[in-house]
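Numbered from 1 within each chain, the chains take letters A, B, ... in sequence-line order. Every value quoted in this text rests on a predicted model; they were computed, and no experiment measured them. Reckoned from all heavy atoms, side chains included, excluding hydrogens, waters and symmetry mates.
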Amino acid sequence: MPAGLGRLRSAEEFERVKREGGYWRGRLCALNAARRAITQDDWQTNPPKVGYITPRRLGKAVHRNRARRLLRESVRLLAGRLPPHWDIVLIAQRELVKPGVRMRDVQDELIWLLTKAHILMPAQTQDHNQI
RNA sequence: CGAGUUCGCCGGGCGGUCGCGGGCGCAACAGCGCCUGAGGAAAGUCCGGACUCCACAGGGCGCGGUGCUGGCUAACGGCCAGGCGGCGCGAGCCGACGGAAAGUGCAACAGAAAGAUACCGCCCGAUUUUGGGUUUUCCGAUCGACGAUUCUGGAUUGGGCUGCGCGCUCAAUCACAAAUCCAGAAUCCCAAGCCCGAAAUCGGGUAAGGGUGAAAUGGUGCGGUAAGAGCGCACCAGCGUCGCAGUGAUGCGGCGGCUCGGCAAACCCCACCGGGAGCAAUGCCAAAACGCGCAGAUGAGGCGGCCCGCUGAUGCGCAGGUAGGCAGCUAGAGCCUGGCAGCAAUGCUCAGGUCGAGAAAGAUGAUCGCCUCGGGCCGGCUCGCCGGCCUACGACAGAAUCCGGCUUACAGGCGAACUCGAACA
RNA sequence: GCGGGUGUGGCUCAGUGGUAGAGCGUCUCCUUGCCAAGGAGAAGGUCGCGGGUUCAAAUCCCGUCGCCCGCU
């Protein structure tokens with residue numbers, strides 16, 4: 001896990017985000033994000049944490065794995081633009097698994113969702129956008 | 001060349017860049033380097049095992065599974081070989097393929113009857129009724145038997161009284177007709193015998209035929225019979241038994257008595273197998289909180305190397321064991337090549353080589369370049385070849401303790417053997 | 001990992017090997033000035049799918065697909 005990016009794992013964390021956070025739904029995936037209590041503005045101690053939900057309705061194991069990988073890769077490319085103290089949950093939608101969905105589509109959708117949620121920080125370096 | 005069958009195999013390749021899981025090394029604070037990282041089905045979870053825990057003297061009842069034979073295997077509902085039956089021209093494919101004279105049950109509709117029966121029919125006998133045919137010719141004797149009709153001849157004649165007759169009495173011109181009687185002839189009838197039937201009823205024989213059904217007590221032919229029937233014979237099917245071949249399923253042959261229905265993926269019977277749960281098993285370590293014990297304002301504990309000093313209410317131990325962590329956890333009925341045994345499945349304390357994932361909100365991804373196979377489009381055109389362009393968005397699908405099978409899904413492609421058909425030789 | 005249930009007309013469900021049914025809904029007609037209610041009638045079915053057993057399968061057996069629900 002690179003610096004400045006954490007994972008959500010426990011059920012309590014997911015429950016908290018769902019209970020306290022906002023919800024934005026897109027075509028390929030949905031966004032569920034909540035802010036943690038601020039203690040210190042530091043990526044080292046309080047990086048943004050991301051969790052992924054791939055429900056069973058997406059399909060069988062192949063499709064659910066593919067959905068999670070697409071979302072994870074997409075988040076990796078945007079890692080530097082995510083603010084600290086945020087818990088972000090990404091929920092894959094059925095459209096994400098359909099054939100023909102490319103990496104570019106997922107990333108565009110994610111940027112759009114994060115912008116709507118007002119939690120995307122401006123691009124700091126050029127390469128994050130280019131890849 | 002076309003159509004097909006069986007078996008085996010592949011499931012794009014090479015290389016950049018950015019990432020992810022695991023291992024090792026260096027560092028030990030972020031990190032760096034090297035190695036390594038999905039499948040033939042990893043799937044469904046339909047069977048069988050290994051492994052772990054629990055239960056367990058033995059027996060009975062019950063429940064579940066399997067079901068031709070022999071072999072293989074750790075085991076199996078798997079595999080191999082064989083038998084039998086079915087399908088296919090064939091290569092081949094398919095088959096829960098033990099038992100229906102142990103018992104219980106089921107079979108709609110139709111049909112007489114669906115396990116023990118006889119509707120129609122066929123045949124025999126008896127009784128009653130009835131139809132038809134034929135004989136009763138000649139001679140002699142006897143005797144006609146009741147008639148009917150027609151013809152011919154002859155005779156008689158009415159009414160009343162009376163039981164009938166004689167008789168009495170009354171009436172009457174004759175004849176014909178009519179009636180009655182007698183004789184003869186013809187025809188018919190009748191009778192008797194024989195033959196051929198018909199109908200009804202009763203008694204018996206039969207299961208060949210008809211018809212119903214998915215299915216009706218072997219099939220075909222010849223004989224046989226009152227009609228028929230394995231009643232007899234031949235062949236086939238089936239049963240039993242004997243002999244031979246085979247480990248066996250079974251096959252072949254002989255003999256015998258003569259035919260005993262179907263369904264057990266209906267209950268069931270027989271034989272064999274099966275204790276239960278599952279790696280979220282199980283074992284170890286073990287926060288917080290709880291419980292018990294001990295110490296504690298006569299000072300627990302902390303600060304500190306110690307004393308002093310300051311602070312001032314908890315501290316320590318034990319047990320269970322939650323969160324969590326570690327083990328189980330990946331070197332095994334392992335894989336590859338060869339040898340030997342075996343038809344084969346498979347086996348071998350045979351030889352050599354080899355190590356190929358171990359995650360836990362669960363790692364395999366993203367992107368770029370080149371090549372190649374298939375595909376698509378366009379053009380040429382000798383009509384099945386050539387050239388150009390575009391394309392890895394080009395299958396099913398993702399390990400979760402491991403292994404052996406089964407089943408299911410699968411773009412496209414490769415190889416081998418065999419079968420059928422066509423052409424050529 | 002271990003197990004259970006279910007699939008039948010548009011909807012909710014019955015169905016015991018022998019012709020697939022009920023209620024609601026739909027359509028037509030009657031009734032009413034009109035509507036509702038009521039009455040009469042009609043249409044509508046690969047019984048999830050593929051095999052097998054049987055004379056005959058929605059039903060029995062095997063495989064497969066979808067949906068739902070438990071336990072650890």
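Taking atom CZ of A/R64 as the reference point, atom P of B/rA397 lies 16 Å away to the nearest angstrom. Atom CZ in A/R104 sits roughly 16 Å away from atom C1' in B/rC393 (whole-Å rounding). Per the geometry, CG belonging to A/L77 stands 10 Å off P belonging to B/rU367, to the nearest Å. Taking atom CG of residue A/L96 and atom C1' of nucleotide B/rA366, one finds them 14 Å apart after rounding to whole Å.
The gap from the C1' atom of C/rC62 to that of C/rC67 amounts to 22 Å, rounded to the nearest Å. With both ends at atom P, the span from B/rC244 to B/rG232 equals 32 Å, rounded to whole Å. One P atom belongs to B/rG147, the other to B/rA141, and the distance between them is 27 Å to the nearest Å. Comparing B/rG167 with B/rU162, their C1' atoms are spaced 10 Å from each other, to the whole Å. Comparing the same atom, P, in B/rA91 and in B/rC418 gives a spacing of 14 Å after rounding to whole Å. With C1' as the reference atom, B/rA113 and B/rG210 are 15 Å apart, rounded to whole Å. Nucleotides B/rG218 and B/rG238 have their C1' atoms positioned 8 Å apart, rounded to a whole Å. To the nearest whole angstrom, the two C1' atoms, one in B/rC279 and one in B/rA265, are 38 Å apart.
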| task | Kindly determine whether A/Y52 and A/L8 satisfy side-chain contact (heavy atoms from CB on, under 4.5 Å), including the steps that lead there. | result | CA-CA 8 Å; A/Y52 309 92; A/L8 291 174; over 6 Å; no
| request: Kindly determine whether A/L31 and A/I91 satisfy side-chain contact (heavy atoms from CB on, under 4.5 Å), including the steps that lead there. | output: CA-CA 6 Å; A/L31 177 68; A/I91 304 161; over 6 Å; no
| task | Go through A/Q107 and A/L78 one step at a time and tell me if the side-chain contact (heavy atoms from CB on, under 4.5 Å) criterion holds. | result | CA-CA 8 Å; A/Q107 200 173 352; A/L78 294 170; 4.0 Å; yes
| query | Between A/I53 and A/F14, does a side-chain contact (heavy atoms from CB on, under 4.5 Å) hold up when you go through it step by step? | reply | CA-CA 10 Å; A/I53 296 180; A/F14 278 86; 3.8 Å; yes
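From A/L96, atom CG reaches atom CZ of A/R27 across 9.5 Å, with rounding to the nearest 0.5 Å. Separation of atoms CH2 (A/W24) and NE2 (A/H118) is listed at 8.0 Å; rounding is to 0.5 Å. The line from CZ of A/R25 to CD of A/Q93 is 4.0 Å long, rounded to the nearest 0.5 Å. A distance of 11.0 Å separates CZ of A/R35 from CG of A/D87, quoted to the nearest 0.5 Å. Atom CZ of residue A/R56 and atom CG of residue A/L58 lie 11.5 Å apart, to the nearest 0.5 angstrom. Within the model, atoms CG of A/L90 and CG of A/L71 stand 5.5 Å from one another, a figure rounded to the nearest 0.5 Å.
For A/K98, the NZ atom counts as loosely surrounded, since its 6.0 Å shell holds 12 or fewer non-hydrogen atoms of other residues, nucleotides or ligands.
Pair check for B/rA183 finds B/rU152; Watson-Crick or G-U wobble, both atom distances under 3.5 Å. If you check C/rG10 for Watson-Crick or wobble pairing at under 3.5 angstrom, you find it paired to C/rC24. A 3.5 Å limit on both hydrogen-bonding distances identifies no Watson-Crick or G-U partner for C/rA36. Under the Watson-Crick or G-U wobble criterion, with both distances below 3.5 Å, B/rU104 is paired with B/rA266. For B/rG356, there is no paired nucleotide, since no Watson-Crick or G-U wobble pair has both relevant distances below 3.5 Å. For B/rU220, the paired base is B/rA234 (Watson-Crick or G-U wobble, both distances below 3.5 Å). Across all strands shown, B/rG125 forms a Watson-Crick or G-U wobble pair, both distances under 3.5 Å, with B/rC202. Pair check for B/rG365 finds B/rC18; Watson-Crick or G-U wobble, both atom distances under 3.5 Å.
For C/rU16, the O4'-C1' to base torsion is within 90° of 0; the nucleotide is therefore syn. Syn is the conformation of B/rG356, whose glycosidic angle sits no further than 90° from 0. A glycosidic torsion no more than 90° from 0 defines the syn conformation; B/rG246 lies beyond that range and is anti. Its glycosidic angle being within 90° of 0, B/rA297 falls on the syn side. Applying the 90° criterion around 0 to the glycosidic angle, B/rG111 comes out anti.
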Distances under 3.5 Å between protein N/O atoms and the N/O atoms of nucleotides 357-365 of chain B, please, pair by pair.
from	atom 1	to	atom 2	distance (Å)
B/rA361	O3'	A/R7	NH2	3.1
B/rA361	O2'	A/R7	NH2	3.4
B/rA361	O2'	A/L8	O	3.1
B/rA361	N7	A/R9	O	2.5
B/rG362	OP1	A/R7	NH1	2.7
B/rG362	OP1	A/R7	NH2	2.5
B/rG362	OP2	A/R7	NH1	3.3
B/rG362	OP2	A/R7	NH2	2.7
B/rA363	OP1	A/R68	NH1	2.6
B/rU364	OP1	A/R72	NH2	2.9
B/rU364	OP2	A/R69	NE	2.7
B/rU364	OP2	A/R69	NH2	3.3

| query | Tell me, for nucleotides 67-72 of chain C in 5' to 3' order, what letter each nucleotide earns: B for a base near a protein heavy atom under 4.0 Å, S for only sugar-phosphate near one, - for neither? | reply | ------
